[in-house]
Number of protein chains: 2
Amino acid sequence: MAARSMTLPRIECSECPIRHRAVCARCEPDELEQLDAIKYYRSYDAGQTIVWAGDEMDFVASVVKGVASLTQTMEDGRRQMVGLLLPSDFVGRPNRAEAAYDVTAASEVTLCCFRRKPFLDLMGETPHIGQRLLEMTLDELDAAREWMLLLGRKTAREKIASFLAIIARRGTTTTDLGSAGAIEFDLPLTREAMADYLGLTLETVSRQMSALKRDNVIALKGKRHVVVEDFNLLMDETGDDADGGMPS
Amino acid sequence: MAARSMTLPRIECSECPIRHRAVCARCEPDELEQLDAIKYYRSYDAGQTIVWAGDEMDFVASVVKGVASLTQTMEDGRRQMVGLLLPSDFVGRPNRAEAAYDVTAASEVTLCCFRRKPFLDLMGETPHIGQRLLEMTLDELDAAREWMLLLGRKTAREKIASFLAIIARRGTTTTDLGSAGAIEFDLPLTREAMADYLGLTLETVSRQMSALKRDNVIALKGKRHVVVEDFNLLMDETGDDADGGMPS
DNA sequence: TCTGTGATTTGATTTCGATCAATTACAGAG
DNA sequence: CTCTGTAATTGATCGAAATCAAATCACAGA
């Protein structure tokens with residue numbers, strides 16, 4: 001079984017426009033049919049709560065369109081985002097029906113849902129799916145750990161720069177970035193949601209955005225649209241390694 | 001959100017004293033034999049680095065004895081712990097040989113190692129193992145997310161109390177806790193390592209430990225041995241829910 | 001065009017934890 | 001038992017981000 005780790009085949013989950021990270025990325029045509037048989041779509045408006053922490057979830061799902069967030073809330077209202085779900089990300093835990101976190105639509109969101117029971121059955125018969133899920137979960141764990149470094153040790157300015165770099169990477173069509181040319185993207189989150197992501201207050205987020213603008217690291221067109229003329233300049237503000245392994 | 005896995009069968013991985021979360025928890029006798037054939041033990045002294053971030057790891061492993069930490073370090077030396085590995089925890093990523101984090105022995109550590117290649121082959125043939133790994137990874141992801149809330153939103157005092165509660169839970173023989181009776185345990189980390197775990201400085205850790213002692217939430221015997229007379233009193237300091245779902 | 005509401009920015013002040021700087025406690029070596 | 005070095009505690013001060021408090025902006029709907 002040549003573990004095709006790196007580039008995965010981009011088989012479509014039928015009409016589902018998910019292409020790379022989705023559960024069905026490695027499936028054979030007949031397996032796709034089985035997935036199709038148990039799936040349905042669901043849409044949510046921006047701001048709408050998709051699931052409340054503690055709810056029973058009778059499905060697992062894959063994000064097709066939009067941005068959703070996982071957040072934890074303390075009794076006194078302090079909130080921390082613990083997951084940011086972009087298209088192709090997976091929602092839900094195969095063996096646990098009870099949701100551990102609030103899932104909220106940050107923009108208009110479409111999910112491709114799979115009914116829990118038949119999905120579990122299918123997983124039992126189709127090792128691909130479990131393997132794919134393991135890989136995705138490990139990636140998510142890596143992301144969570146980078147996030148922990150950000151939360152625990154970075155300054156407000158570094159947090160903002162890191163967040164912008166993450167969004168720029170996941171939002172654009174991956175090609176350039178390191179090379180020349182301006183990058184532009186829309187922020188998928190309000191200042192408040194950014195604060196929840198970064199462990200800051202919205203005021204601090206706003207101030208640091210202004211500071212990065214003042215220092216010509218970024219430019220803003222409107223409140224949400226960001227222009228990054230030189231991506232390396234932004235990276236210099238993140239506190240991260242300049243980039244592993246320049247050949248001496 | 002008590003992440004409580006369904007109770008798993010406690011089959012021994014041969015001589016290996018791992019009992020509950022280990023990869024082999026669900027294996028049949030013949031599968032255990034195959035695992036035994038590719039495994040070996042390795043020991044490390046306290047403070048020793050087991051793997052450096054970026055190293056090639058030719059094995060994956062399960063912690064048998066002791067405590068190890070995963071840490072990330074920034075160029076200027078700021079450090080954040082991103083994983084705390086106790087006995088039965090898994091180390092390494094099946095499909096990625098390059099270590100993403102420094103792995104350091106916090107105490108004397110024994111690992112049960114499985115050579116990468118044959119382990120992968122065995123995973124291919126034995127769905128149990130991949131399923132077990134997925135479940136363990138999902139648990140780790142939950143733990144990381146609780147950790148993110150701690151790092152992003154909790155005060156220094158809450159961080160210390162939460163850490164002590166976590167260690168108390170994982171260190172003791174699980175039974176009581178909620179009920180009466182004092183709990184005692186040894187801290188497996190130095191103040192500095194606790195600081196790296198909590199996103200604080202060692203001075204702040206020390207000060208807050210003293211404060212909890214002054215306020216009779218904990219008592220100390222020596223520097224490392226903690227006595228918790230009333231676990232609920234400690235929980236009150238964590239900022240977490242008093243405990244989900246008391247029936248009204 | 002006017003108006004109201006929510007999102008965002010900006011300003012003034014406070015506070016918690018970091019930083020700088022000495023002690024103090026303690027385990028292991030001799 | 002004393003010496004020594006590392007771990008831990010404690011104190012004084014500083015500073016980054018939180019908090020409290022107003023503007024200002026942006027845009028949907030009357």
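Please read these numbers as outputs of a predicted model, since none were measured by experiment.
- Residue E192(A) contributes atom CD, which lies 9 Å from atom P of dT8(C) at whole-angstrom precision.
- Between the CZ atom of R224(B) and the P atom of dA27(C) there is a distance of 11 Å, given to the nearest Å.
- Contact annotation: R207(A) does not reach the phosphate of dT9(C) (side-chain N/O to OP1 or OP2, under 4.0 Å).
- Counting only heavy atoms from C-beta on, L200(B) has its side chain closest to dA18(C) among dA18(C), dC20(C), dT8(C).
- Screening R191(B), R79(B), Q72(B) against D196(B) for a side-chain hydrogen bond (donor to acceptor under 3.5 Å, both in side chains) leaves a single residue, R79(B).
- Nearest heavy atoms, S107(A) versus V67(A): OG-N, 3.0 Å.
- When the nearest nucleotides of DNA chain C are assigned to T190(A) and R153(A) by heavy-atom distance, the more 5′-ward of the two goes with T190(A).
- At least one side-chain nitrogen or oxygen of S210(A) sits closer than 4.0 Å to the OP1 or OP2 atom of dT10(C).
- Taking 4.0 Å as the cut-off between side-chain N and carboxylate O, E56(A) and R116(A) do not count as a salt-bridged pair.
- When the local axes at the two ends of the helix from dT1(C)-dA30(D) to dG30(C)-dC1(D) are compared, using 5 base pairs at each end, they differ in direction by 30° after rounding to 10°.
- Using modelled atom types, no side-chain atom of R78(B) and backbone atom of K154(A) make a donor-acceptor pair closer than 3.5 Å.
- In the 5' to 3' direction, nucleotides of DNA chain D lying under 4.0 Å from heavy atoms of chain A begin and end at dA17(D) to dA26(D).
- The two residues F185(B) and L164(B) come nearest to each other via the heavy atoms CZ-O, 3.8 Å.
- Going from atom CG of L202(A) over to atom P of dT9(C) covers 9 Å, rounded to whole Å.
- A parallel orientation is assigned to the rings of W147(A) and Y197(A), their planes being inclined by less than 30° (bins at 30° and 60°).
- Using a 4.0 Å cut-off, some side-chain N or O of T204(B) falls inside it from OP1 or OP2 of dA18(C).
- Residue-level contact check: G199(A) touches the backbone only, with heavy atoms under 4.0 Å from sugar-phosphate atoms and none from bases.
- Taking only distance into account, the side chain of R157(B) never meets the base of dG17(C) through a donor-acceptor pair shorter than 3.5 Å.
- When distances are taken from the side chain of T201(B) to each of dG17(C), dT19(C), dT10(C), the shortest belongs to dT19(C).
- Note that CE of M194(B) is 10.0 Å distant from CE of M81(B), once rounded to the nearest 0.5 Å.
- Put simply, NZ on K221(B) is 15 Å from P on dC26(C), counting in whole angstrom units.
- A salt bridge links D215(A) with R157(A): at least one charged nitrogen is closer than 4.0 Å to a carboxylate oxygen.
- Checked against dC26(C), dA12(C), dG17(C), the side chain of K223(B) finds its nearest nucleotide in dC26(C).
- Following rounding to the nearest Å, E203(B) (CD) and dA21(C) (P) show an atom-to-atom distance of 12 Å.
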